[in-house]
Amino acid sequence: MATAAATGLDPVLGFALVGALGVGSQWLAWRLRMPAIVLMLAAGLAVGPGLGLLEPSRDFGDLLQPLVAIAVAIILFEGGLSLNVRSLADAAAGVRRLVIIGAPLGWAASAAALHYVAGLDWATSSVFGGIMIVTGPTVIAPLLRQARLRRRPAALLQWEAIVNDPVGALAAVLAFEVVLVLNTSAGAGHAALDFALGIGVASALGLAAGWGLARAFATGRVPEYMKVPVLFGSVLLVFAVSDSVLHESGLLAVTLMGLWIANVELPSYVELRRFKEHATVLLVSGVFILLAANMDRATLAALDWRAVLFVAAVVLIARPLAVLVSLIGSPVPWAERLLVALTGPRGVVLVAVAGLFGERLAEIGVADGARIAPLAFALVGATVVLHGFALGPLARALKLTAATRPGVLIVGGSAFSLALARALDKLDLPVMIADPNHAHLRRAREAGIETFFGDVLSEEAEHRLDLVRYEMVIAASDNDAYNTLVTTDLAPEFGREKVYQLRRSRDSSRRHALPATLGGRPIGPDETFYQVEARLAEGWEVRTTRLSEQFDLDAWRAEHPDAVPLGQYSEAGGLRFVGPEDDIEKGEGVHLIALAPARKERRASA
C-alpha cells in the first residue's frame, strides 16, 4: 500500500476500484436500507484522503476532468430523457415558479450567504452562488426512490433538480464573464456576445439533435441494435461541440436533447431509457467516488466554523426563502412547499462545476477562487447526509409518503382479484385493482376497493397512477398472454422478484413453455385462472390467519389440510407471496394469506 501511495495506483486498477466501491455501496445501501449517496461519500473519503490508496488527480492525470465532464453530461441527458411533459400534470405551476422565480432568488440568497457568512468577496460569491442553484439530480433520484414520496412532491423535486442543473451552470458562466470583464481588459460587449452565442448554439444544437434522432429512430433509419450506441455517440458529440463554443453550455444542450426525445412517441423509448438508467447508476457511483477521493486532507482541514455556518445558512435560510417566496400564490399545498423548501441536496454537478470555476477565478487573480472547492464539498457532504437520513422521516411527518406499508397492484377484475384484495385490505395494506373493462370493476367498487379503469400499460396510467405506492404486481386477468405482457413490462420497474401471475393454461407443454425472461413468478396453487375461479365458485375464499406460539404453522396445516398458502405478512418481514414450491416462514406475529375452503358452519348454512 505504501508503494501504491508513493508511485500512484495503476489507472486500470483505479477504475476497477472505483467501480467496485460504487456498485458495492449501492448494493450495501439496498441491503441496509440506507441512502446510497452517504455510503458512496464515505467510501470515497476512506480510500482517498483517509487511506491515500486512490488519488484521482494523481492516478488518472489530465483525463480526470474530461471524464467527469462527460459523465455529468450523460447523467443530465438521462435526466432530460425522463422528463415527459405529461408527467408534470398538477405540478407544472410549481415547477415553473421554482425555475423562473426560485432560481434567481436562490442565486441571490446563496451569494449573500457566501459573502456575509463564508466571507468570500462578491466576485467569487456571485459565481459560486450561480452554481448553487443546482439541487443535484444525481442525489434526488435515489432519495426519492428510498423515501417513496407522493407523485406531485416527487415531480417538483425531480423537475427542479434536472432543469436547474444547466441553468445553474449557465448562471455561473454569466457571473464569470462579468468578473472576467472587471478583472481583465476583455470588453463587456464581446463577453455578452460570447454568452448569447453560446446559449443560442447550445439550444439550437440540443433541439436539432433531439429532433433528428427521434425522426431517424421513428422512420427506421437506425437499426434497433444500433439505437443505443447512436444515442451515446450523439450525446458526446453535442456536448463537445456546444462546450467548445461556451464552457458549460454543453449541459444545456444535452438536457434539451433528452427532453425533446422524451416527449415524442418513440417505440424504443422504454428500452433506451432503461439502458441509460443502468448507465447512469454506474456513472453517478463512479463520479461521486472520484470526487470524494480527490479531496485532500489539507483542503478538508481548511474548513472552519465559517464553513459550518455557511452550510447552515444555505439549508435553513437561503433554500427555504427561495422556495417559499417563489411558491406564494401557487396551488401547491403548504405541506409540499415545506418539504421542497427543506430538501435541497447538492451532488456531483455542483462539485465538478465549482472546482472548474474555482481554478479559473484563481487564474485571473481572484484569490477567493481557491476556497470554492472545499466549500462546495462541505455543502455536498452535509446536504447528502442530512437529506439522506431526514427526507423519509420529514415526508412521513408531513404525510406526503405514498404508503407506509407495501402496496399491491392487482391487474384483472376477477373474483380471485377481489377476494385477495379484501384479504389484503383487512391487513391495512394498500391495494388497487386495475382492469380495462369497467364492468369487471363493479364488485370491487362496491366493496370499497380502490380501482383503476384502464390499461396499466397505457401512457395515461403511467402519468395518472401513483405507482410508487405499490411494491408488488399480481396479474390475475382471464387472458394469459396479457398477464405475461404486464409482468414482463413491469418487472424492470418493480423488480422481477415482485411481479406474479397465475399459471398459464399451457405452460406444462415444452412447445408452449416460455423462457425465464418472460412472465412473472407463480402465486398460490399450481392452477390456471379458470381452475382458481372454479374453486371460488364452489365456496372457497381467501382468508388471513395470524400465527402465534399457540397456533403455529403446523397447527394451521392440520386444521386446514386442503388450504393453499398465497403469501404472508408481518411488520418485521413485510409482504411476501409464495408459489406452489415456496416455503412459508415460521414466526411470531405472521399473518398467513391462504386460499381455503369455506368454513363448515358457513357451508352448512348455505
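The figures that follow rest on heavy atoms only: side chains count, while hydrogens, waters and symmetry mates do not. Numbering starts at 1 and runs along the sequence shown.
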For this session: Can you measure from OG (Ser125) to CG (Leu114) and round to the nearest 0.5 angstrom?
Result: 5.0 Å

Exercise. Just by distance, do the side chain of Asp368 and the backbone of Leu120 share a donor-acceptor pair under 3.5 Å?
Worked result: no

Exercise. Checking side-chain contact (heavy atoms from CB on, under 4.5 Å) for the pair Leu21/Leu54: CA distance, chi angles, key distance, verdict?
Worked result: CA-CA 12 Å; Leu21 288 174; Leu54 176 66; 5.6 Å; no

Exercise. Taking side chain as C-beta onward, heavy atoms only, is Leu105 less than 4.5 Å from Leu321?
Worked result: no

Exercise. What do the steps show when you test Leu67 against Leu290 for side-chain contact (heavy atoms from CB on, under 4.5 Å), and what is the final call?
Worked result: CA-CA 10 Å; Leu67 286 173; Leu290 284 173; 5.7 Å; no

Seminar exercise, completed: For Ala202 and Ser242, the nearest pair of non-hydrogen atoms, with its separation, is CB-OG, 3.2 Å

Exercise. At their closest point, which heavy atom of Leu361 faces which heavy atom of Gly369, and how far apart are they?
Worked result: CB-CA, 4.0 Å

For this session: Just do the side-chain contact (heavy atoms from CB on, under 4.5 Å) check on Ser330 and Arg337 with the steps written out, would you?
Result: CA-CA 10 Å; Ser330 73; Arg337 297 186 199 184; 3.8 Å; yes

Seminar exercise, completed: Here the gap from Thr343 atom OG1 to Leu339 atom CG, rounded to the nearest 0.5 Å, amounts to 4.5 Å

For this session: Might you point out which heavy atoms bring Asp121 and Thr124 nearest each other, and give the distance in Å?
Result: OD1-N, 2.8 Å

Seminar exercise, completed: Residues at least two apart in sequence or cross-chain that pass side-chain hydrogen bond (donor to acceptor under 3.5 Å, both in side chains) with Ser25, listed by chain then number, are none

Exercise. How far does CG of Leu398 sit from CH2 of Trp334, to the nearest 0.5 angstrom?
Worked result: 12.5 Å

Exercise. Does the Arg97 side chain pair with the main chain of Leu327, one donor and one acceptor, at a distance under 3.5 Å?
Worked result: no

Problem set entry | Under 3.5 Å donor-acceptor, Ser244 side chain and Val241 backbone | yes

For this session: Using atom types as modelled and distance alone, determine if a side-chain donor or acceptor of Ser326 lies under 3.5 Å from a backbone N or O of Val323.
Result: yes

For this session: Answer yes or no: is there a side-chain heavy-atom contact under 4.5 Å between Ile261 and Leu231?
Result: yes

Exercise. Where is the tightest heavy-atom contact between Gly44 and Pro49, given as atom of each residue plus distance?
Worked result: O-CD, 4.0 Å

Problem set entry | Nearest non-hydrogen partners of Ser110 and Ala318, listed with the distance | N-CB, 4.3 Å

Problem set entry | Working for side-chain contact (heavy atoms from CB on, under 4.5 Å), residues Phe232 and Ile74 | CA-CA 8 Å; Phe232 261 97; Ile74 295 174; 3.8 Å; yes

Exercise. Which residues satisfy the side-chain hydrogen bond (donor to acceptor under 3.5 Å, both in side chains) test with Ser57, sequence neighbours excluded?
Worked result: Asn294

Exercise. Measuring from Leu379:CG to Met132:CE, what's the distance to the nearest 0.5 Å?
Worked result: 5.0 Å

For this session: Report the residues that fulfil side-chain hydrogen bond (donor to acceptor under 3.5 Å, both in side chains) with Glu450, sequence neighbours left out, ordered by chain and then residue number.
Result: Arg469

Exercise. So how far is it from Leu13 CG to Asp59 CG, rounded to the nearest 0.5 Å?
Worked result: 10.0 Å

Exercise. With under 30° as parallel and over 60° as perpendicular, where do the rings of Phe15 and Phe60 fit, or are they tilted in between?
Worked result: parallel

For this session: Rounded to the nearest 0.5 Å, what's the gap from CG on Leu205 to CG on Asp243? Could you check?
Result: 11.0 Å

Exercise. Which atom pair, heavy atoms only, marks the closest approach of Arg306 to Val117?
Worked result: NE-O, 3.0 Å

Problem set entry | Partner of Arg319 by side chain to side chain contact (heavy atoms under 4.5 Å, CB included), out of Thr383, Leu342, Val340 | Val340

Problem set entry | Centroid-centroid under 6.0 Å between Phe128 and Trp107 rings | no

Exercise. With distance as the sole test, does Arg371 use its side chain to make a donor-acceptor pair with the main-chain N or O of Ala118 at under 3.5 Å?
Worked result: yes

